[in-house]
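So the structure is just underneath, and the comments pick up after that.
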Amino acid sequence: MAATESDTPDLGALFDAHVATEFAEKDADAALATMTSDPTVIHVPTLTGGRGRDELHAFYRDWFIPSWGDDVEIEPISRTIDAERVVDEFIMRFAHEREMPFCLPGIAPTGRRVEIPFVVIMGFEGDRVAYEHIY
């Protein structure tokens, strides 16, 4: 039987829902609930993140989620979607008030406003995040 449009998950909406668990809900358990049984996240420039649910849960809980303040702004630049992945380009803005070793290793909090361009490649298996490669 051929797949219908309604059988195809809305990967853009799934991407946004996953990101909301990190930045709006700030909930490691909720983030992992959007992912496959063996996900991978890698911040490529710093080689941080994790493989598998246990490593990623610890990474989200102890490093990633607590590092972000409440003032994060994301300015979309482009989004490309195919059948298995979403590629998002955006500018992220925030006050650098906390240590961020996964993103800004060795740089103590400055209190200054920061703007960083990011590219996130998020791959899916069905309606679950299988991997994120973050540049």
Side-chain angles (χ1 to χ4, degrees):
M1 176 162 69
T4 65
E5 191 171 310
S6 64
D7 293 337
T8 305
D10 179 346
L11 299 185
L14 294 171
F15 181 107
D16 293 339
H18 174 76
V19 171
T21 65
E22 299 168 331
F23 293 100
E25 297 173 39
K26 297 186 177 205
D27 185 333
D29 293 324
L32 267 288
T34 67
M35 303 180 94
T36 63
S37 62
D38 191 30
T40 299
V41 172
I42 181 116
H43 293 258
V44 176
T46 56
L47 299 177
T48 58
R51 294 180 189 273
R53 295 182 74 81
D54 291 340
E55 277 186 24
L56 278 179
H57 188 266
F59 175 72
Y60 280 133
R61 181 192 64 220
D62 301 335
W63 292 93
F64 188 78
I65 291 173
S67 295
W68 297 103
D70 294 329
D71 67 337
V72 173
E73 299 171 10
I74 296 174
E75 178 186 338
I77 297 173
S78 73
R79 175 172 278 184
T80 304
I81 301 173
D82 72 12
E84 297 174 351
R85 72 194 50 80
V86 174
V87 178
D88 249 18
E89 296 177 280
F90 54 87
I91 305 294
M92 184 174 283
R93 296 179 179 90
F94 57 91
H96 185 209
E97 298 173 342
R98 301 172 184 167
E99 289 188 22
M100 304 178 84
F102 62 89
C103 179
L104 300 171
I107 301 174
T110 63
R112 297 175 69 185
R113 194 90 178 133
V114 175
E115 294 187 11
I116 302 175
F118 281 88
V119 175
V120 176
I121 303 163
M122 189 179 293
F124 292 84
E125 292 176 11
D127 65 352
R128 296 285 182 244
V129 177
Y131 63 84
E132 291 181 77
H133 300 161
I134 303 162
Y135 296 85

Shortest non-hydrogen contact from [X] toward [Y]:
X   : Y    : answer
A31 : T34  : O-OG1, 2.6 Å
R79 : G12  : NH1-O, 3.4 Å
P9  : G126 : CG-O, 3.5 Å
D82 : E84  : OD1-N, 2.8 Å
P39 : T36  : CD-O, 3.2 Å

Could you state the interatomic distance from [atom1] ([X]) to [atom2] ([Y]), rounded to the nearest 0.5 Å?
X    : Y    : atom1 : atom2 : answer
I134 : M122 : CD1   : CE    : 7.5 Å
R93  : I116 : CZ    : CD1   : 11.5 Å
E115 : M92  : CD    : CE    : 12.0 Å
S37  : L32  : OG    : CG    : 11.0 Å

Heavy-atom count check: over 12 atoms from other residues, nucleotides or ligands less than 6.0 Å from [X] [atom1]?
X    : atom1 : answer
R53  : CZ    : yes
E89  : CD    : yes
E125 : CD    : no

Mind checking whether [X] and [Y] sit in one hydrophobic cluster, side chains of I, L, V, M, F, W, Y counted as touching below 4.5 Å?
X    : Y    : value
V87  : L14  : no
F59  : V72  : yes
V114 : I107 : yes
V19  : I65  : yes
I74  : L11  : yes

Query - Residue of the set W63, F102, F118 for which ring-ring contact (aromatic ring centres under 6.0 Å, His included) holds with H43 - result: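 Between H43 and the candidates, ring-ring contact (aromatic ring centres under 6.0 Å, His included) is satisfied uniquely by F102.
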Any [X] side-chain heavy atom under 4.5 Å of [Y] side chain:
X    : Y   : result
K26  : D70 : yes
Y131 : I42 : no
F64  : V41 : no
I121 : R85 : yes
H57  : M35 : no

Query - side-chain contact (heavy atoms from CB on, under 4.5 Å) between D71 and R113, worked out - result: CA-CA 10 Å; D71 67 337; R113 194 90 178 133; 2.8 Å; yes
Requested in this report: Evaluate the side-chain contact (heavy atoms from CB on, under 4.5 Å) criterion for residues H18 and F124: first the C-alpha distance (whole Å), next the side-chain angles of each, then the deciding distance (0.1 Å), finally the verdict.
Outcome: CA-CA 11 Å; H18 174 76; F124 292 84; over 6 Å; no
Query - Stepwise side-chain contact (heavy atoms from CB on, under 4.5 Å) check, F15 with V120 - result: CA-CA 10 Å; F15 181 107; V120 176; 3.9 Å; yes
**Report entry** Side-chain donor or acceptor of R98 paired with backbone N/O of W68 under 3.5 Å
**Finding:**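 At least one qualifying donor-acceptor pair exists.
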Query raised in the report: Any donor and acceptor pair, going by atom type alone, linking the side chain of T21 with main-chain N or O of D27 inside 3.5 Å?
Result: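 Not at all, since once roles are kept as given, no pair shorter than 3.5 Å links the two residues.
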